[in-house]
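Structure first, commentary second.
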Amino acid sequence: NEQTITFTTSEPLLCPAVYRGTVDYILKRARSKKVTVVTTTNGVSLSGELRDFIVERISDTFRLNISLDGMQKSHDSHRKCAGQRTASAFKLSWGHFSRLPKDKVRVIMTASPGESIDLKEDVDFILRNGFRKVDLFPRMFFLWRKEDLPLLRSGLEGAVKSFNEQRGKGYDLRLLDRLWGGSCSAKVLLGSDGQFYLFEGVLALPYAKRKRYVLGDSIQGLDLHRRLEAWASLRADMGRHCERCCGCEHERFCAYPAALFVWCRQKRKDFKTYLANFCSLAEMLIEVSGAVTPEIKNQGDSVKTARCLRRF
């Protein structure tokens, strides 16, 4: 009865006419249903009539996420301008971000190894500029050195402290990796090629290898039986490479790091090494957020547990 349609992966605002037409179509068809539309953008194209189009529609069922990693140094280390190596992605986006209704926008913020020491400063920068809602994600497709982890923990704890000081004023911090909460198995991806895919991570594959994860197309529709089969096959394949997920107390809301597994296989990386890194970061997020309590552990409900992890 409830559906969420998200415009994301690369930059959904590169074709404004297509975006506006699709949003209008969704909102028209969704009048008798509970459908939430979410747009995640890097902000480079978020100006003029397109910005007005989005801002006028922001509500509980029409949400805007912006990719902003803090101050210019941190943001530019993650966001690169194609064909313009010396250009600042921060400067291209910040002027557009500053004109948004900041209390109604959620910031998507990432952290990479080597930047953890500035994490609290980056969060404080975002708060000083009027934003109140932040999703903070340590990057999982990196190998964090042991000496980086204490710095990351300190940065995360500092971020938590900054938000706790604003508790009760509409501020919201979510410490959660994109791969968590069973999100992979709870959604499908419609690519710009008109194909439905098992989950977002398969877009890292060459087109020829991506075909094994196709679940249908926008004309013929979605094959739900094929979806179940593909997930079962992927989980079995992961289990052959690593057994540590089996019986893990966090398995019910981690849903296996499927995207990480697919990425490692494509890049010929050692999945066991990256999975150990993933688990270390995951346990840290749980401990710092204080999200997992005995009450939650005993519920055994993946949906409820995922929701608890998402809030503070």
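- In summary, of the residues considered (Phe142, Tyr274, Phe278), a ring pair (Phe, Tyr, Trp, His ring centres under 6.0 Å) with Trp263 occurs for Tyr274 alone.
- Shortest non-hydrogen contact noted between His75 and Ala89 is CD2-C, 3.9 Å.
- At a threshold of 4.5 Å between side-chain heavy atoms, the hydrophobic network of Ile, Leu, Val, Met, Phe, Trp and Tyr places Tyr207 and Leu198 in one connected group.
- Taken to the nearest 0.5 Å, the SG atom of Cys279 stands 9.5 Å off from the CG atom of Leu281.
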Worksheet item: Which is it for Ile26 and Phe7 under the side-chain contact (heavy atoms from CB on, under 4.5 Å) test, yes or no, and what are the steps along the way?
Response: CA-CA 12 Å; Ile26 293 171; Phe7 292 87; 3.8 Å; yes
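- Between Trp94 and Phe125, a ring centre-to-centre spacing shorter than 6.0 Å is recorded.
- Rounding to the nearest 0.5 Å places OG of Ser74 at 9.0 Å from CD1 of Ile126.
- Outside the 6.0 Å centre-distance limit, the rings of Tyr197 and Tyr213 are not counted as a close aromatic pair.
- Going from atom OG of Ser67 over to atom CZ of Phe97 covers 6.5 Å, rounded to the nearest 0.5 Å.
- Two residues are said to be in side-chain contact when any heavy atoms from C-beta on lie closer than 4.5 Å; Asn42 and Leu68 fail this criterion.
- Counted by atom type alone, Ser45 and Glu11 present zero donor-acceptor pairs between their side chains at under 3.5 Å.
- Using a 4.5 Å heavy-atom cutoff, the side chains of Ile54 and Phe62 are in contact.
- Within the structure, the salt bridge (charged side-chain N to carboxylate O under 4.0 Å, His left out) test picks out no pair touching residues 87-102 (sequence neighbours left out).
- With 3.5 Å as the limit, one finds a donor-acceptor pair spanning the side chains of Ser162 and Asp124.
- For Glu49, the CD atom sits in a loose shell: 12 or fewer heavy atoms of surrounding residues, nucleotides or ligands are nearer than 6.0 Å.
- With values rounded to the nearest 0.5 angstrom, Arg51 atom CZ is found 12.5 Å from Thr41 atom OG1.
- In this structure, the side chains of Leu222 and Asp217 stay at 4.5 Å or more apart for every pair of heavy atoms.
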Discussion item. Salt bridge (charged side-chain N to carboxylate O under 4.0 Å, His left out), that's the test. Do Arg57 and Asp24 meet it? Break it down for me.
Written reply: CA-CA 10 Å; Arg57 288 162 175 75; Asp24 282 340; 3.7 Å; yes
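- Residues Arg63 and Ser59 share a closest heavy-atom pair of CG-O, 3.9 Å.
- Linking ILVMFWY side-chain heavy atoms closer than 4.5 Å, directly or via other members, places Val202 and Leu224 in a single hydrophobic cluster.
- Side-chain atoms of Asp270 and Cys264, non-hydrogen and from C-beta on, never get closer than 4.5 Å to each other.
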Worksheet item: Given the rule in the side-chain contact (heavy atoms from CB on, under 4.5 Å) test, do Thr4 and Val38 qualify, once you have shown the distances and angles that lead to the verdict?
Response: CA-CA 7 Å; Thr4 299; Val38 181; 3.9 Å; yes
Practice prompt. Given side-chain contact (heavy atoms from CB on, under 4.5 Å), test Phe271 with Met238 step by step and report yes or no.
Written response: CA-CA 9 Å; Phe271 176 59; Met238 291 175 62; 4.1 Å; yes
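- Pairing each heavy atom of Gly43 with each of Ser93, the nearest pair is C-OG, 4.0 Å.
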Practice prompt. Run the numbers on Lys120 and Glu157 for salt bridge (charged side-chain N to carboxylate O under 4.0 Å, His left out), then give the verdict.
Written response: CA-CA 8 Å; Lys120 184 180 185 302; Glu157 290 174 343; over 6 Å; no
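- The CG atom of Asn277 sits 8.5 Å away from atom CH2 of Trp144, with the distance rounded to the nearest 0.5 Å.
- Closest of all the heavy-atom pairs between Gln72 and Ser88 is NE2-OG, 3.3 Å.
- With Arg106 as the fixed residue, the side-chain hydrogen bond (donor to acceptor under 3.5 Å, both in side chains) test singles out one of Thr40, Asp172, Asn65: Asp172.
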Worksheet item: Given the rule in the side-chain contact (heavy atoms from CB on, under 4.5 Å) test, do Trp231 and Leu234 qualify, once you have shown the distances and angles that lead to the verdict?
Response: CA-CA 5 Å; Trp231 264 115; Leu234 181 60; 4.0 Å; yes
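- Of all the heavy atoms in Leu136 and Ala159, the pair that sits closest is CD2-CB, 4.1 Å.
- The cluster map of Ile, Leu, Val, Met, Phe, Trp and Tyr, joined by side-chain heavy atoms under 4.5 Å apart, puts Ile108 and Leu14 in different clusters.
- Linking ILVMFWY side-chain heavy atoms closer than 4.5 Å, directly or via other members, places Phe53 and Val35 in a single hydrophobic cluster.
- Counting all heavy atoms, side chain and backbone alike, Leu205 lies closest to Arg210 at O-NH2, 3.3 Å.
- No side-chain heavy atom of Asp223 sits less than 4.5 Å from a side-chain heavy atom of Phe196.
- Under the 4.5 Å side-chain heavy-atom criterion for Ile, Leu, Val, Met, Phe, Trp and Tyr, Leu189 and Val18 are members of distinct hydrophobic clusters.
- In this structure, Val188 and Arg227 have side chains that are in contact, with non-hydrogen atoms separated by less than 4.5 Å.
- Within the 4.5 Å cutoff, no side-chain heavy atoms of Thr273 are placed close to those of Lys269.
- Residues Met109 and Leu119 form a side-chain contact, since some pair of their non-hydrogen atoms from C-beta on lies under 4.5 Å apart.
- Put simply, the side chain of His96 never gets that close to the backbone of Ser47: no donor and acceptor are under 3.5 Å apart.
- A salt bridge links Arg265 with Asp237: the closest approach of a Lys/Arg side-chain nitrogen to an acidic carboxylate oxygen falls below 4.0 angstrom.
- With 3.5 Å as the limit, one finds a donor-acceptor pair spanning the side chains of Asp69 and Thr110.
- Leu173 CG to Arg132 CZ: the interatomic distance, rounded to the nearest 0.5 Å, is 15.0 Å.
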